[in-house]
Amino acid sequence: MTAVFRLTSLVAAAALAVQLAGCAQSSMAVPAATRGNTVKLYNANFDKVAVGSFTFDASQNPALDKRNTIRAAGVLYAPGGSFAQHLGNTLKANLLAASLLDANAPTVITGTMTLNRLNAAVGSGKSVLAARFIVTRAGAVRYDQELKVESRWNTSIGAESLVQQAKREYELLFSDLVGELLDDDKFRVAISK
């Protein structure tokens with residue numbers, strides 16, 4: 001009886017070790033400007049801007065600002081501990097590349113991430129990001145709008161490739177959301193001189 005118990009325990013421990021080893025943990029890359037978003041910022045009428053705080057909606061589960069689980073195969077952690085801050089840093093990277101970032105500018109962009117979803121089900125993956133952006137100049141609100149982007153993709157069955165594919169698609173959404181902001185005519189007026 002003891003030998004059967006030991007054998008069962010060893011098999012269970014080995015299965016757990018395989019599962020834990022298969023669970024990929026990763027963090028997102030440092031935000032970088034994209035050529036498409038930077039080009040949108042080349043406008044002689046745009047004023048330099050500061051980027052203020054980017055926070056996560058207090059009515060949402062705070063864990064969604066720190067990590068996303070990609071099925072049972074992996075966990076994607078927010079760089080610096082916050083996906084909302086990562087969105088703000090993505091915006092900063094694009095403004096900096098276009099020489100429009102100035103920490104002392106009277107025009108300030110802040111944001112609240114209102115939606116953060118990553119679902120990598122077998123066969124079909126989907127990620128959604130939404131944020132409320134506010135532009136103020138000298139304390140007066142010039143722009144206040146919630147924007148949303150989503151991505152859908154076909155997923156493969158292999159756990160490692162599924163995690164990498166979901167991570168890649170999700171990371172691209174941050175630049176896509178910044179691009180959505182930069183395309184908004186009301187936003188473009190709000191940061192004009």
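Count residues from 1 along the sequence.
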Interatomic spacing from [atom1] in [X] to [atom2] in [Y] - rounded to 0.5 Å:
X	Y	atom1	atom2	answer
Phe56	Leu87	CZ	CG	11.5 Å
His86	Met28	NE2	CE	3.0 Å
Leu118	Lys167	CG	NZ	12.0 Å

Heavy atoms only: give me the nearest [X]-[Y] pair and the separation to one decimal.
X	Y	value
Leu91	Phe54	CD2-CZ, 3.9 Å
Ser175	Ala32	OG-O, 4.5 Å
Phe83	Phe174	O-CE2, 3.4 Å
Ala84	Asp65	N-OD1, 2.9 Å

Pair Phe46 and Tyr42, ring centroids less than 6.0 Å apart: no
Given Ile134, Asp184, Ile191, the one that forms side chain to side chain contact (heavy atoms under 4.5 Å, CB included) with Tyr143: Asp184
Partner of Glu180 by side chain to side chain contact (heavy atoms under 4.5 Å, CB included), out of Leu147, Leu173, Leu129, Asn37: Leu147
Can you tell me if [X] uses its side chain to pair, donor with acceptor, with the backbone of [Y] under 3.5 Å?
X	Y	result
Glu171	Ala29	yes
Ser192	Arg188	yes
Asn89	Pro31	no

Output a table of donor-acceptor pairs, distance under 3.5 Å, between side-chain atoms of residues 93-114 and any protein atom two or more places apart or on a different chain; print 'none' if there are none.
from   : atom 1 : to     : atom 2 : distance (Å)
Asn94  : OD1    : Thr34  : N      : 3.1
Asn94  : ND2    : Thr90  : O      : 2.8
Asp102 : OD1    : Asn104 : N      : 2.9
Thr107 : OG1    : Arg137 : NE     : 2.7
Thr107 : OG1    : Arg137 : NH2    : 3.2
Thr114 : OG1    : Ala130 : O      : 3.3
Thr114 : OG1    : Glu146 : OE2    : 2.5

Close side-chain approach of Lys126 and Glu150, heavy atoms under 4.5 Å: yes
Side chain proximity check, Asn116 to Tyr170, heavy atoms < 4.5 angstrom: yes
Heavy atoms from other residues, nucleotides or ligands near CZ of Arg67 exceed 12 (cutoff 6.0 Å): no
side-chain hydrogen bond (donor to acceptor under 3.5 Å, both in side chains): pairs with one or both residues in residues 43-59, sequence neighbours excluded: Asp57-Ser59
Residues in side-chain hydrogen bond (donor to acceptor under 3.5 Å, both in side chains) contact with Lys40, at least two apart in sequence or another chain: Asp183
Verify same cluster id: Leu115, Leu76 (apolar side-chain graph, 4.5 Å): no
